[in-house]
Amino acid sequence: MSSVFTRDLLRRHAAARYWPVWLGLGAMKLMAALPHRLQLALGRGLGRLYGRLDRHRRHVVATNLRLCFPALDEAARARLARAHFEALGMGIFEVASGYWAPRARLAALGEVCGLEHFDAAAARGRGIILLTGHFTTLEIGAGLLALHRSFHPMQRRNENALFNEVMSAERARRTGGACIDRGDLRGMLRVLRRNGAVWYAPDQDYGAQGTVFVPFFGVAARTITATSRLARMSGAAVLPYWPERLADGRYRVHILPMLEDFPSADETADAARINRLIEDWARRAPEQYYWVHRRFKARPAGEPPVY
């Protein structure tokens, strides 16, 4: 067991409301020990079951795909939706491997391309904003990257105290950097000013504050502008990267050169630029993007809801 699972943790989270989480964490530890191909096969089955049982998420995925891929016919979108739910199921096993697979085994599952861009950004001495999107391969991609370079994960606090504590500890253990709460701007700036790297994904709807409506797959999407402000206040390099599951079941993490002329004087243009980047990645592996999120839940004034 990982050192995070201590007697003190068990004592503080022994109440019955935590028992399902303990069972889930134990199952994930076991999942990480299974052969990789078996993990993927079981994950595909689990994802198909989830897609059949969760009518609400099935509706969200279908709506997102209809909005983002209008050129596809209904049958093609249905196939893409099924592939996405399979990717979600595989993603559960990939989270387990990203946290608890032995380093040598994890390293054998994939590769990281573009580490020279990470090193060039670090040589500037002003920090790195690791810009990415929400893909089903997010956690295993972060695990692969962490085998080569340290960084600080940015995360949203989970309502379940046990799950939040374990995930924070495991992410920090894996990446070599303490987790930063999504709303902790000062904490992010402190890390960047020490020339640290911060994992950062701005492609979900986090509320109205500090946002603009810019296109994502040709649809107006409420998008945060904090990426520009963080880069401007810290002077950090914005380094795009994204993880991908390949056809053979292995993984590739793509690190791109740091963005030039970023931030600009126009935060709206910057937000649109980031959306175009993430859209391009999502088009390359469309089943692996996180379509269960209601990306278009907020609409510009006068537009009807889409979900």
Side-chain angles (χ1 to χ4, degrees), residues 1-5 21 24-44 46-47 50 84 86-115 118 130-158 160 162-180 182 197-201 203 241-246 248-255 281 285 287-290 292-293:
M1 297 287 281
S2 167
S3 60
V4 69
F5 294 97
V21 180
L25 292 171
M28 291 180 71
K29 293 274 287 186
L30 293 174
M31 289 158 57
L34 295 174
H36 183 62
R37 290 193 178 278
L38 178 59
Q39 290 184 30
L40 296 184
L42 292 173
R44 283 192 292 269
L46 181 62
Y50 173 46
H84 174 60
E86 290 181 354
L88 284 172
M90 288 186 280
I92 296 174
F93 287 83
E94 289 162 350
V95 169
S97 290
Y99 288 159
W100 293 303
R103 289 178 62 88
R105 182 177 177 183
L106 182 60
L109 293 179
E111 61 181 345
V112 179
C113 300
L115 284 169
F118 189 107
L130 284 167
L131 177 70
T132 192
H134 284 82
F135 290 83
T136 61
T137 51
L138 181 154
E139 293 288 0
I140 197 164
L144 286 166
L145 177 57
L147 293 174
H148 302 275
R149 301 292 184 272
S150 297
F151 58 93
H152 293 256
M154 176 185 164
Q155 69 177 25
R156 178 180 181 180
R157 181 172 295 276
N158 192 278
N160 185 284
L162 171 59
F163 187 84
N164 188 76
E165 185 171 346
V166 171
M167 292 300 100
S168 295
E170 290 296 351
R171 282 173 172 158
R173 181 183 62 84
R174 177 191 65 190
T175 63
C179 292
I180 304 172
R182 189 185 71 191
V198 176
W199 180 97
Y200 188 75
D203 61 323
Y241 95 95
W242 68 287
E244 177 187 18
R245 185 191 313 105
L246 305 175
D248 62 0
R250 286 170 51 80
Y251 304 90
R252 180 174 295 140
V253 177
H254 306 263
I255 304 176
W281 304 335
E287 78 285 357
Q288 296 173 37
Y289 191 64
Y290 202 67
V292 290
H293 173 65

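Side-chain atoms are counted along with the backbone in the values below, which use heavy atoms only and exclude waters and symmetry mates.
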### Query
Can you find a side-chain donor-acceptor pair between E94 and T136 that sits under 3.5 Å?
no
### Task
Determine whether the side chains of Y241 and W281 contain a donor N or O and an acceptor N or O closer than 3.5 Å.
no
Heavy-atom closest pair, residues [X] and [Y]:
| X | Y | answer |
| --- | --- | --- |
| L40 | M90 | O-CG, 3.5 Å |
| W100 | A32 | CB-CB, 4.0 Å |
| R156 | N164 | O-OD1, 4.4 Å |
| S150 | G176 | OG-CA, 4.4 Å |
| L130 | A197 | CD1-CB, 4.2 Å |
| C179 | Q155 | SG-OE1, 3.6 Å |

### Task
Show the numbers, then the answer: is there a side chain to side chain contact (heavy atoms under 4.5 Å, CB included) between V95 and M31?
CA-CA 10 Å; V95 169; M31 289 158 57; over 6 Å; no
Tell me whether [X] contacts the main-chain N or O of [Y] through its side chain, where contact means a donor paired with an acceptor under 3.5 Å.
| X | Y | result |
| --- | --- | --- |
| H134 | D203 | no |
| R173 | Y99 | yes |
| Q39 | L34 | yes |
| H152 | A178 | yes |
| R250 | A108 | yes |

### Message
Test side chain to side chain contact (heavy atoms under 4.5 Å, CB included) on R245 and F135; report intermediate values, then the result.
### Response
CA-CA 10 Å; R245 185 191 313 105; F135 290 83; over 6 Å; no
### Message
If you apply the rule side chain to side chain contact (heavy atoms under 4.5 Å, CB included), what do you find for Y290 with L138, and how did you get there?
### Response
CA-CA 10 Å; Y290 202 67; L138 181 154; over 6 Å; no
### Query
Can T175 and L145 be said to form a side chain to side chain contact (heavy atoms under 4.5 Å, CB included), step by step?
CA-CA 8 Å; T175 63; L145 177 57; over 6 Å; no
Distance (rounded to the nearest 0.5 Å) between [X] [atom1] and [Y] [atom2]:
| X | Y | atom1 | atom2 | value |
| --- | --- | --- | --- | --- |
| M28 | F93 | CE | CZ | 9.5 Å |
| L144 | T137 | CG | OG1 | 9.5 Å |
| Y251 | L246 | OH | CG | 9.5 Å |
| L162 | M167 | CG | CE | 8.5 Å |
| R182 | M154 | CZ | CE | 6.5 Å |
| W199 | I180 | CH2 | CD1 | 11.5 Å |

Check whether any side-chain heavy atom of [X] sits under 4.5 Å from a side-chain heavy atom of [Y], and report yes or no.
| X | Y | value |
| --- | --- | --- |
| R103 | L147 | yes |
| F5 | V166 | yes |
| E86 | E287 | no |
| V112 | I255 | yes |

